[in-house]
A.B. asks: 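Dropping the structure in here first, questions after.
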Amino acid sequence: MKKFLIVANWKMAPETPARAKALFAGIKKVAVRLPDAQTVVCTPALYLSATGFAVSKNVALGAQDVSYEKDGAHTGEISARMLKSANILYVIIGHSERRARGETDDIIAKKVVSALKAKLTVILCVGEMERDPHGEFFSFIENQIRLSLAGVSKKDIERVIIAYEPVWAIGEKAKEADTPEGTLETALFIRKTLAARFGKEKALAMPILYGGSVRPNNANSFLARGGVQGLLVGRASLDVRTFAEILKSAVRRKT
Ligand code: PGA
């Protein structure tokens with residue numbers, strides 16, 4: 001059985017290297033001892049290759065974005081090959097906060113191709129702005145998946161993870177997280193969409209994560225009943241004790 005994948009998305013925090021280092025060390029201490037969870041910490045780019053951020057058993061580092069350009073004069077950008085050569089294994093692509101800054105499915109598709117070419121594992125974020133009662137959000141998600149994965153081969157899809165993040169459930173302004181039942185339905189739909197494009201076998205092997213107001217009190221219910229194989233955690237990953245509780249909820253029940 002595969003491990004649960006618990007991804008911390010630190011976004012634009014913590015503010016100082018010292019605090020970032022302490023947070024990473026605290027998370028690592030807990031994460032190395034958990035046999036059922038693979039932890040990925042997506043720090044701001046600045047910290048990715050800094051001292052004090054050494055990866056170890058069960059703990060990897062990820063970036064929060066990547067350029068679609070292979071090389072050349074692109075001020076402010078970081079290429080997929082740069083990440084790879086700094087031993088970064090994962091990259092989040094298409095987070096709703098980047099989409100809100102103008103990132104289109106087309107740009108996301110190019111980033112996905114470029115990351116896969118550099119042999120990174122992609123955490124592709126999809127999710128609706130609103131959950132309408134008629135279920136139109138399903139076709140919105142289907143479209144996001146179709147467009148974002150347009151250039152991905154059947155071979156490379158093995159290095160893609162889908163993070164289902166309903167935008168209405170993310171961040172300070174969110175009223176609440178999704179329910180495990182709601183996520184289960186959407187995760188099944190996502191898998192069906194992936195199967196139509198990449199075949200059933202590939203689709204079944206792909207991890208799907210839930211993200212959006214994950215907390216210690218709901219983490220286990222998503223893993224147990226949400227049809228997902230992991231979590232993408234924002235705010236709650238910025239406090240060692242809170243994130244440690246989430247990590248500890250990633251336990252495979254022996255039945
Ligand atoms: P949140 O963010 O956990 O703070 O809601 C999740 C995310 O944006 O990945």
Side-chain angles (χ1 to χ4, degrees), residues 4-15 19-20 23-24 26-27 31 37-45 47-48 60-66 88 90-103 108 111-112 115 121-131 137 140-141 144-145 148 160-180 182-183 186-187 190 207-223 226 228-250:
F4 286 120
L5 190 67
I6 312 295
V7 183
N9 177 11
W10 285 1
K11 307 190 181 182
M12 204 170 71
E15 226 165 59
R19 270 154 62 187
L23 177 59
F24 185 76
I27 290 174
Q38 166 67 46
T39 303
V40 179
V41 184
C42 298
T43 77
Y47 304 138
L48 284 173
L61 282 170
Q64 299 173 11
D65 187 28
V66 66
I88 309 308
Y90 295 82
V91 60
I92 297 174
I93 297 180
H95 190 280
S96 61
E97 286 153 12
R98 298 215 56 84
R99 292 178 188 263
R101 303 181 81 82
E103 207 164 282
I108 291 164
K111 290 186 172 186
V112 169
T121 293
V122 169
I123 302 168
L124 173 69
C125 298
V126 299
E128 75 280 6
M129 307 294 293
E130 268 179 86
R131 188 168 289 175
F137 69 95
F140 179 83
I141 293 171
Q144 280 187 326
I145 293 177
S148 310
V160 177
I161 293 158
I162 304 289
Y164 170 55
E165 295 211 302
V167 180
W168 50 266
I170 296 176
E172 296 287 352
K173 290 195 204 102
K175 272 197 241 100
E176 55 198 351
D178 192 10
T179 59
T183 292
T186 314
I190 289 173
I208 298 178
L209 316 180
Y210 168 76
S213 299
V214 172
R215 295 260 165 268
N217 65 2
N218 62 18
N220 185 263
S221 61
F222 281 106
L223 296 175
V228 292
Q229 292 69 48
L231 304 165
L232 180 49
V233 187
R235 284 158 296 162
S237 69
L238 292 171
D239 177 78
V240 174
R241 280 169 68 180
T242 311
F243 192 61
E245 279 183 58
I246 293 174
L247 282 174
K248 286 179 193 159
S249 70

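Just so you know, ligand 1 is whichever comes first in the structure, and atom 1 is the first atom listed for that ligand.
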A.B. asks: Students should be able to answer this: which protein heavy-atom is nearest to atom 2 (O) of ligand 1, and at what distance?
C.D. replies: Lys11 NZ, 3.3 Å
A.B. asks: To the nearest 0.5 Å, what is the distance between OG1 (Thr242) and CG (Asn217)?
C.D. replies: 10.5 Å
A.B. asks: Heavy-atom contact check, 4.0 Å cutoff: does Ala174 meet ligand 1?
C.D. replies: no
A.B. asks: What is the minimum heavy-atom distance between Ser213 and Ala169, and which atoms define it?
C.D. replies: OG-O, 2.7 Å
A.B. asks: Looking only at N/O atoms, are Gly171 and ligand 1 under 3.5 Å apart anywhere?
C.D. replies: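 Yes: some nitrogen or oxygen of Gly171 is under 3.5 Å from one in ligand 1.
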A.B. asks: Can you name the atoms of ligand 1, numbered from 1 with element, that are less than 4.0 Å from a heavy atom of His95?
C.D. replies: 7 (C), 8 (O), 9 (O)
A.B. asks: Could you see which bit of Ile170 sits under 4.0 Å from ligand 1, with heavy atoms only: side chain, backbone, both or neither?
C.D. replies: both
A.B. asks: Quick one: nearest non-hydrogen protein atom to atom 9 (O) of ligand 1, plus distance?
C.D. replies: Glu165 OE2, 2.7 Å
A.B. asks: Taking it one step at a time, do Asp65 and Glu103 satisfy side chain to side chain contact (heavy atoms under 4.5 Å, CB included)?
C.D. replies: CA-CA 11 Å; Asp65 187 28; Glu103 207 164 282; 4.1 Å; yes
A.B. asks: Tell me whether Gly234 has any N or O atom under 3.5 angstrom from an N or O of ligand 1.
C.D. replies: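 N/O-N/O distance under 3.5 Å: yes.
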A.B. asks: Measure the distances from the heavy atoms of Gly211 to every atom of ligand 1 and state whether one is below 4.0 angstrom.
C.D. replies: no
A.B. asks: I'd like to know if the side chain of Glu165 reaches the main chain of Gly127, judged simply by a donor and an acceptor atom lying under 3.5 Å from each other, with no hydrogens or angles considered.
C.D. replies: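 Answer holds: no.
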A.B. asks: Per the side chain to side chain contact (heavy atoms under 4.5 Å, CB included) rule, which among Val7, Leu223, Asn220 passes with Leu231?
C.D. replies: Leu223
A.B. asks: Whether the side chain of Tyr164 engages the backbone of Pro166 through a donor-acceptor N/O pair (distance < 3.5 Å, no angle test) should be reported.
C.D. replies: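 The answer is no, because no donor-acceptor pair under 3.5 Å joins these two groups.
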A.B. asks: Just jot down the ligand 1 atoms closer than 4.0 angstrom to any heavy atom of Gly212, in number order.
C.D. replies: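 Those of ligand 1 that fall under 4.0 Å from Gly212 are 5 (O).
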A.B. asks: With no hydrogens and no angle check, is any side-chain donor or acceptor of Ser148 less than 3.5 Å from a backbone partner on Ile145?
C.D. replies: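 Checked: no pair found.
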A.B. asks: Within the 4.0 Å heavy-atom shell around Leu232, which atoms of ligand 1 are there?
C.D. replies: 9 (O)
A.B. asks: Which class fits the ring pair Trp10 and Tyr47: parallel under 30°, tilted 30 to 60°, perpendicular over 60°?
C.D. replies: perpendicular
A.B. asks: Considering non-hydrogen atoms of the protein only, which is the closest contact for atom 4 (O) of ligand 1, and what is the distance?
C.D. replies: Arg235 NE, 2.7 Å
A.B. asks: Taking 4.0 angstrom as the limit and counting only heavy atoms of Asn9, give me the atoms of ligand 1 inside it, by number and element.
C.D. replies: 9 (O)
